[in-house]
Structures are given as structure tokens and as C-alpha cells.
Amino acid sequence: SFLGSNCGALRQQPFDSSEEKPQFPGASAEFIDHLEFIQPNVISGIPVYRVMDRAGKIINPSEDPQLSKEQVLNFYQKMTLLNTMDRILYESQRQGRISFYMTNYGEEGTHIGSAAALDPRDLVFGQYREAGVLMYRGFPLDLFMAQCYANVDDLGKGRQMPVHYGSKDLNFVTISSPLATQIPQAAGAAYAAKRENTNLAVICYFGEGAASEGDAHAGFNFSATLECPLIFFCRNNGYAISTPTNEQYRGDGIAARGPGYGMMSIRVDGNDVFAVYNATKEARRRAVAENQPFLIEAMTYRIGHHSTSDDSSAYRSVDEVNYWDKQDHPISRLRHYMTARSWWSEEDERSWRKQSRKMVMEAFEKAEKRHKPHPDLMFSDVYEEMTPNLVKQKEAMWRHVQQYKEHYPLDAYAK
Amino acid sequence: MYSSMSMCMNKTCNLEILGLCFTVSINMRCICPSVIFGEDVAFGGVFRCTVGLRDKYGKDRVFNTPLCEQGIVGFGIGAAVAGATAIAEIQFADYIYPAFDQIVNEAAKYRYRSGNLFDCGNLTIRAPWGCVGHGSLYHSQSPEAFFAHCPGIKVVIPRGPVQCKGLLLSCIADQNPCIFFEPKILYRAAVEQVPTEAYTIPLSQAEVIQEGSDVTLVAWGTQIHVLREVANMAQEKLGVSCELIDLQTILPWDTETVCKSVAKTGRLLISHEAPITGGFAAEISSTVQEECFLNLEAPIARVCGYDTPFPHIFEPFYIPDKWKCFEAVKKLISY
């Protein structure tokens, strides 16, 4: 269950010095007459909520969300499709076909479990390792590829590095590289949603590293004081590039910070898709009903490298990575749940692997052949309108490129 | 310029009451989902700009935030992205820097990086700006140059109550994130008759306040009033006719009006309180010498603050006062 703190704002009694209770406006508490420091508890920290054990067996049947076979199969297929897309696009970067990529290995459960618990109209603010949320909502493979290839079909018009996805239709705010900037923005968006009486929530994803940024503190504090219907979803995957968690923080992770802001908080097993689902669903229901933020810290493990620019063997052991890949993986745990109910056979697995790979390869081959967007798009959308200086600069660019055209890769771009 | 508007005013009010409060009040009436927020906004603000608004429009639209500029701007961006008209107040421009990342990396780039799927055009950031006589390092700054280097935002500075209302309403209506710097020394000092109904003054259009033939004077905000005096001194003492231009919008700035003027006069003086090195006068100077090189009769003059932090007791020596500007006009004429 969620760790609560004092509900609502601190209530102020009228000042009365005949009372022995502290009268300070800043805190509601009793006096204490002996000196005692509060010891932070990191040895037995906030417990990790889970529904399935590592073998995919339900521990407490009353916590089983009892989703339909169709829903569970959909979870599984989305997680594995993401995994397949990751493998192919990671390889494509190694082969020089795309410039950069970030995989989601090991964290598929955090994406699919949380996405499934939301209303599709809930606005999503992400960091960069949440592609499964977008996939769950129905973002087609073609558009994932288009963004990574920065081709003419990219909704982002080729302006950003790979994995900086966005979709207005699917209510997924475009990813930006600076970390944690989305956190106070999510608070503002949730406040606006509250004012409009939409009964929608906003969800904001970030890693345990980004949670160290000042913007995280700002977002938590604003959302609590301004009573925003918002879910903060922290993916604590053990590493921020090479920095392990014991160099990122000294307290009990991110969940323990929530009560400091007056915020409902919970820690969950991020590799248990049902635990993620249950926690997100309940957080969402209450965030909207009670206009308060909820903090979910999903414990997980980043199985892949930080990105294609990283080689994590430089800072962690192969044994450690293998443990998570083989012994505690969201995809395998769900598969065990499914096979135990005879919902998924070896044949289903074989045929799905083949089919999903084929889908990804087709999208991939198609995306590679497409042109890049027209270079005029370098100059638009800086402002809503084209400004005079940009009109001049665009003309100057084309004059130059016409004169030196053999030095510019015009053939790759749309005419 | 305002001849087409019906001027039904019979009250004089200073900037803080009419220019600002009224503007925000009109906006909040006209644009349903607008919200105004920041430190101490609820009780009326440290410069009284939001007095009466909470009672009139409600606590969900006029509210205090925690003391955190990066949060104020980040929150404002998110509200704007979700469709609200968000007016974020930073208590002093000197304290805007914690929000620099949110402004430069996020607000300014929101539309471009998303391929126009998302934008925060509904965001306006307001901050008191410029010297006030005793403000010292942290209550006197003019940071417009930092933001001039950031494509995607607009930076606007009014010289008085009438411009304040028109320009602020334009910023609020403009579908790009805008920073609106308000000369704090004018909050209590400037008194003008301001039309009571809503009107806008276009952004990115400089105003030729006074025509002249010998020297072009360019400034914005408080410094316009200094240069107006300088123009009078030049006429009386030197028989020199100055053309005075209020830039009004720093970014994107109206190169055409300034260059057209310099092509006519051949002499340019730009003046601002902010330190001279890398100040916005440098950008104007560079563009004008490119466009008007053969028209120039003298090097372009910049009369600005020194390259020091804004001092306390030394303010009278620091600021680009009318004597420094007058001396610069003399040098331009006698080159």
C-alpha cells in the first residue's frame, strides 16, 4: 500500500501560548525533551511490492489483477516486440545505418505495466527509456523507424537524434535530451488538466539519476503544493550511465523522498508487470479523485548499455548482467505466468518470434530507403511564424548550396 | 499610432496599477484558461502587479508557487503545453538564471524539436528589470543579452505604461514563449493615460518616437527616457537633430527600422544599462555595419554599463547617464 503522510495542507490552529504544543506555523508536531537525531533507514528500506515471484507464480491471489488472456498476451507481445525492435535497431547503429540508439532491455515491464493502467488520453512526459509506453499505445513500427532514421516520415521532421519520439495523437510529449526537465512540466500540465475538469491524469517518467536534478525537487514540491493529479514514475535501474546508485544517492532510493514532500509513495518490483500495473492503476485512480501526486519507484535493472555510445563492461561484471537477464526478467516472468495457464505454447513462441522479427525487418528496410526531409524544414517551427531573418538565412543557404552543390548530399533529401 | 482606438480614459494610473494589473485583468477575462503564478503573486506581488486579481478570478487562477524559479518556468511550460495561457512571474530578472535551462533548452525548442506536434506558445514569463537607484548586484540587472542568443523565444521590453499594456497583451496572445521584462524603476515613477480597453502593440516592430536627420539613437526600456533628454540637449546645445528609436522587441529585432534610420542619418548611438561586452548593442552594431557600411559617417557608439557587476554605492558613476550619452553624440558629430 502507499506510504501516506499528513493529508492535505498543514492546518493552523490559532496561536495560544498557554498551550504546551508548538505554535510554529511551519510544522505540526509535539515537543520532545531529549536530543535525538532521526536515523535514515537504508538497511530495511521501503518494501518492494510484487505480485509474482521470480518464476512468474502469483504470491497473493487477491493481488492478481486477473486480466484476460487477451490482455496478458498483448502485454507479452508488446514487451517482446519492443525487445525485437531494440535488437535490430541497436545492430543497425553498429552497422552505421542510424547514428545512435538506446535499448530498453530489462525495463519492458515498467513500460507496459504502467501504460496499460492509464487512460490513453493521459499525457505522458518521458525521459528517453520509455519506448514501450509509446508502443503499447499503438505507435507503429514505421514511425519508430522514421524517427531513428530521421527520414521524411518522421513526425519530428528529422530534427532530433534517434529515440527522441513524440506523438500528439497518442498523448506522448516529445522526448528531449536534458534530464528531468519534464518533471516540473508534468506538474504544470497536470494542473492545467485539473482546471479543465478532464478527469485525466499526467504521468512523468524519469530514472533514479535524473531524480538528483534540481528540476526533480522542483516538480515534486510544486505537484504537492499545487495539488496536481500526477503520477511520478521513477525507473530505478541501478545505473546512470556508469554511476551506480550508491554514488547517486545515500538515502533509501527515490520512494523515501516522497513523504518529505507530503506525497504518497510506493516502491514496486519493476520486473513484475502486474505489480507495476496494480500500483499505477491505483495511483491514477486516486491522483484524479483526490488531486494529489503519487510517486512510484519501480525497481528494475538496465540490462543493456546506457546507449550505443557506452560499453558497460567497463564498469560492471558480465555475471551481474547475466543474473538479471536469466533469473529476473519481466518477459520471462510473464511467460511463465502464461504457460502455467496454458495460454502460450512453444509453438506460439516460435511463430511469434518469427512474425515479430519479420514485422520489424520490413519496417526497417522500408525506413532505410526513404528520403530525408526537405532542408527547408531546418528553418521552420523555430517560431510559429517564419521570421524575416530566417527567410533571409534560408535564401542565403540555398544560394550557397546551389553554388557548391557537389559538396552537399542533396540526393538523400526530399526535393 | 493609436488614432484608430477610442480613448475613453479619464483616469491617470501608474504602470503597476493600470499598465500591468489591468492588462493581466483584461487578459484573464478574455482568455478563459489563463493562470498567473509565481512567488508572492497571491497577495498582490512585491511590486503590486497582481493586486486584486486573486479575489476577482479565484485562487486556482492566481496563486503562489514555492520559491523555485526553475519550477516556476518548468511548471509554466507544462501548463502551456497542456493548453493553458500561463503567465509566470519571476520576482526579479536577477533571479531568472535557475530557469535558464528550462527557457533555453525547453521552452525555446519545444515546437522545433517536436516537429510542431507540441509547443508552449501560451507561456509568457514576466520579470522586473533594470536599475532602480539602490538595487545593487541583484536587484538591478538587465539580462536581455543572455536570451537574445536563443532562437525560439521572444524578448520584449516596454518603455512606459501605454507600451507595457499593448506589448504584454501581444506577448500573451503570441503563440511563442515570450519573456517580458518590466523596468521596475517605472512601476512607481511612470504615470500615463492608458486606454481602458484592450489593445496590442505589434512585436518585432521598433518605434520611431521622434524623427531626426543627424543621429540615430536606439535604446529600450528606461534608457529611452534618458535618450529623449539627450535628444533635447543635442538640439538645444548643438543644433543636432536626433532620431529616437525604441527597439521594444529585442528578439526577434526589427533590423529594417534601425537600418533605414541609419541609412538616413549616417550616425548611430546605442545605449543600455547592461554591461557593454556582449551586450545587445553589440548585435545591433554588427548588423548595422553590415547593412549600412557605406552610409556610416562615424563608428557606431555604444554607451553602456561597465564590465562590472552592478554596483551599489557607485550606481551614479556606473549607469549610462545623459552626460555620457550627450558626450557620445558630440563625438559622433565631430568625427
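Every chain is numbered from 1, with letters handed out A, B, ... down the list of sequences.
Atom CG of residue B:D174 and atom OH of residue A:Y383 lie 9.5 Å apart, to the nearest 0.5 angstrom. B:K109 contributes atom NZ, which lies 10.5 Å from atom OG of A:S176 (distance to the nearest 0.5 angstrom).
Across all their heavy atoms, B:Q102 and A:D215 have their closest contact at NE2-OD2, 3.0 Å. The nearest pair of heavy atoms linking B:P252 to A:T387 is CG-CG2, 4.0 Å. Between B:N64 and A:L226 the shortest heavy-atom distance is O-CD2, 3.6 Å.
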Stepwise, does the salt bridge (charged side-chain N to carboxylate O under 4.0 Å, His left out) test hold for A:E385 with B:R111?
CA-CA 11 Å; A:E385 71 281 8; B:R111 189 190 294 277; over 6 Å; no
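Residue B:A108 touches chain A through its backbone alone, counting heavy-atom pairs closer than 4.5 Å. Neither the backbone nor the side chain of B:S204 has a heavy atom closer than 4.5 Å to any heavy atom of chain A. Residue B:D101 touches chain A through its side chain alone, counting heavy-atom pairs closer than 4.5 Å. Contacts of B:I153 with chain A are made by backbone atoms alone, with heavy-atom separations under 4.5 Å and no side-chain atom involved. The contact between B:N116 and chain A is made by backbone and side chain atoms together, counting heavy-atom distances below 4.5 Å.
Between the side chains of B:Y112 and A:Q160, no donor N or O sits under 3.5 Å from an acceptor N or O.
No close placement of the B:F37 and A:Y191 rings is indicated, their centers lying 6.0 Å or farther apart.
Using a 4.0 Å cut-off between a side-chain N of Lys or Arg and a carboxylate O of Asp or Glu, B:E256 and A:K392 do not qualify as a salt bridge.
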